[in-house]
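Values below: all heavy atoms of this structure, side chains included; hydrogens, waters and symmetry mates excluded. Here is how names work: the chains are called A, B, and so on, in the same order as the sequence lines, proteins then strands, and each is numbered from 1.
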Amino acid sequence: ERSCIVFLLSLRKSGDVEACLHFYHHMIDVCADKVSFYSLAIVVEGLCRKGEIERAKSLMNGSSGKGIKPNVVCYNSLLGALIRNGNFADVTDMLLEMDALGLDKNVATYTLLIDGLSKRDQVADAETYFEEMMRKEVEPDLYVYTSMIDGNCKAGKMRRACNLFDECIEKGLKPNERTYGALINGLCKAGQMEAALEMLKDMQSNGVDVNQIILNSLIDGYCRKGRLDDAVKMQAIIEKKGFELDSYTYSTLASGLCKLKRTNEAKKLLFVMEEKGIKHTTVTYTAMINISCKEGDLSEAKRIFHKMQIDGVPPSAVTFNALIDGFCKEGSLKEAQTLRDEMRKKNLAADVFTYTSLIHGHCIFGKVSDGLNLFGEMLEKGVVPTIVTYTALISGLSKEGRSDEAFQLYDKMIEEGLTPD
RNA sequence: AACCACGAAUUAUCGUUC
């Protein structure tokens, strides 16, 4: 089977899952009793990466009937695909199925769950799984710690993140570039640049080299503080180290410049990127669109929006949000609505940014009632308003003299636990 | 015995000349 596994892996690596599946069936035809869950797991993972979850499941069922029992790795592949699709309802079912089969979660299962929950802003649930794995004596490794540190950083729980970092060292684990990267990035986002630089030193003294990703985090931290000079210094360090600036570096710097209203420099930077032959992504195109919107050049924004699609780069919800906001601020509410419909056609869900921009636009152009309708719609869809949403509505209502409603909304906002700032 | 399957870090979008 060993040589067959190597072959299966190479087929999967080449992206030809069908051939992989075919060969797997061939292996079973020739000598089913020599095929193990190892081979099955390789094919299942291949199918899952292509999003073919149903086929992966039926392959597992079929193999099970032939005496090849799917193991936890097969289930991890399925779980990974479901989590990528944001399908947590099925994740729960899958976990129950594993339980029923008596399959225990391994450390990779816990990493998938902890990471998936963290990315959905459910760190508390991630912590529950972290506790569960300790209780079941599945030793958390660096992957788990890195996910936990990252999740807590993103939830603003920097103390917890730092404690986890210390804890993993106490356990004898050696933080690697990703572990340091997660913490340094968290510190940068929290505006704690001195602490971030200290971690960087600590990292280097522990024999872990700086890499591009970490430098990009630091650049982003400086950009958020408006310290473009320091950001550019980091850029010089990147180049001195022999790294190339990548599309992350460029879009970070461009958005930093844009926020300082230095839109010309921002645009120039993205042109430099193009000239260097770095390919545009959804993010870089969106940054360009946003820059044009902020300049009030909506026709240029639309031109880029079309260009990206011709280039085969798909717009994301963020792309639409940037454009919608641009049109709303200009008072082209009709155009904004059209984009919203187009979003729907592309199966992109309107999020809190979409609604807040639309609400704000309607409120400042004297259509507060439409704003309230949109507000009702977002609540219906389970989109949670933020302080920004409420501010737009409340100021719109007050301006029209509808102060009773404004106060009502204010009270509702307080009830939701939001504090005015 | 060793080896081979699954998991972790960076960028874009909303209010505040009250």
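No salt bridge links A/Lys201 with A/Glu198; every basic N to acidic carboxylate O contact stays at or beyond 4.0 Å. Between A/Lys50 and A/Glu18, none of the side-chain N atoms (NZ, or NE/NH1/NH2) sits under 4.0 Å from a carboxylate O, so this pair counts as no salt bridge. Looking at A/Glu330 and A/Lys302, no side-chain N of the basic residue comes within less than 4.0 Å of a carboxylate O on the acidic one, giving no salt bridge. Salt bridge annotation for A/Lys189-A/Asp220: present, with a cationic side-chain nitrogen under 4.0 angstrom from a carboxylate oxygen. Between A/Lys268 and A/Glu265, no side-chain nitrogen of the basic residue sits less than 4.0 Å from a carboxylate oxygen of the acidic one, so the salt-bridge criterion is not met.
Nucleic acid contact for A/Val6: none, since no nucleic acid atom lies under 4.0 Å from a heavy atom of the residue. Across all strands, A/Asn176 comes closer than 4.0 Å to base atoms (heavy-atom distances). Nucleic acid contact class of A/Lys259 (heavy atoms, under 4.0 Å, all strands): sugar-phosphate only. Using a 4.0 Å heavy-atom criterion, one finds that A/Thr249 contacts no nucleic acid atom at all. Among the heavy atoms of the strands, none lies under 4.0 Å from A/Gln212. Within the 4.0 angstrom heavy-atom criterion, base atoms lie near A/Ala108. Residue contacts for A/Lys13: at a heavy-atom cut-off of 4.0 Å it reaches no nucleic acid atom on any strand shown. Note on A/Arg12: only backbone sugar-phosphate atoms sit closer than 4.0 angstrom, heavy atoms only; bases stay farther off. Looking at heavy-atom distances under 4.0 Å, A/Ala41 makes contact with a base. Among the protein residues, A/Thr252 comes within range of the sugar-phosphate backbone only, with heavy atoms under 4.0 Å from sugar or phosphate atoms but none that close to a base. Note on A/Arg49: only backbone sugar-phosphate atoms sit closer than 4.0 angstrom, heavy atoms only; bases stay farther off. At a threshold of 4.0 angstrom between heavy atoms, the contacts of A/Leu113 with the nucleic acid are absent.
With hydrogens and angles ignored, a donor-acceptor pair closer than 3.5 Å exists between the side chain of A/Ser316 and the base of B/rA12. A/Asn76 contributes no side-chain N or O that forms a donor-acceptor pair with the base of B/rA5 under 3.5 Å. Scanning atom types as modelled, one donor and one acceptor separated by under 3.5 angstrom connect the side chain of A/Asn71 and the base of B/rA5. At a cut-off of 3.5 angstrom, the base of B/rG7 holds no donor-acceptor pair with the side chain of A/Asn106. For A/Ser251 against B/rU11, a side-chain N or O and a base N or O form a donor-acceptor pair under 3.5 Å. In the interface, the side chain of A/Asn211 is paired with the base of B/rA9 through a donor and an acceptor atom under 3.5 Å apart.
The phosphate of B/rA12 (OP1 or OP2) has a side-chain N or O of A/Arg224 nearer than 4.0 angstrom. Taking only side-chain nitrogens and oxygens, A/Lys329 comes nearer than 4.0 Å to OP1 or OP2 of B/rG15. For A/Lys119, a side-chain nitrogen or oxygen approaches OP1 or OP2 of B/rA9 to under 4.0 Å. Between A/Lys189 and B/rU11 there is a side-chain N or O to OP1 or OP2 distance below 4.0 Å. A sub-4.0 Å separation between OP1 or OP2 of B/rA12 and a side-chain N or O of A/Lys294 is absent. OP1 or OP2 of B/rU10 lies within a sub-4.0 Å distance of a side-chain N or O belonging to A/Lys154.
Atom P of nucleotide B/rC18 and atom CD1 of A/Ile364 are separated by 14 Å, given to the nearest angstrom. One interatomic measurement links the two molecules: CD1 of A/Ile184 to P of B/rU10, which rounds to 12 Å at whole-angstrom precision. Counting to the nearest Å, the C1' atom of B/rA9 and the NZ atom of A/Lys174 are 19 Å from each other. Here B/rU11 presents its P atom at 16 Å from CG of A/Leu270, a figure rounded to the nearest Å. Taking atom CG on A/Leu59 and atom C1' on B/rC6, their separation rounds to 15 Å, with Å as the unit. Atom pair A/Tyr250:OH and B/rA12:P shows a separation of 17 Å (rounding to whole Å applied). Rounded to a whole Å, the CG atom of A/Leu218 is 12 Å from the P atom of B/rU11. As rounded to whole Å, 13 Å separates atom C1' of B/rA9 from atom CG of A/Asp220.
Set against B/rU11, B/rU13, B/rC4, the side chain of A/Ile5 has B/rC4 as its closest nucleotide. The side chain of A/Ile387 lies closest to B/rG15, out of B/rG15, B/rU13, B/rA2. Checked against B/rC4, B/rU10, B/rG7, the side chain of A/Val107 finds its nearest nucleotide in B/rG7. Closest to the A/Glu45 side chain, of the nucleotides B/rU10, B/rC6, B/rU13, is B/rC6.
The side chain to side chain contact (heavy atoms under 4.5 Å, CB included) test with A/Ile214 singles out one residue from A/Met234, A/Met203, A/Arg178, and that residue is A/Met203.
In this structure, A/Tyr38 forms an aromatic stack with the base of B/rA5, since both conditions hold: centre separation below 5.5 Å and plane angle below 30°. Here A/Phe353 does not pack flat against the base of B/rC14, since the 5.5 angstrom centre distance and 30 degree tilt limits are not both met.
Taking the centre of each ring, A/Tyr145 and A/Phe130 come in below the 6.0 Å mark.
Of all heavy-atom pairs spanning A/Asp115 and A/Ser147, the tightest one is CB-OG, 3.8 Å.
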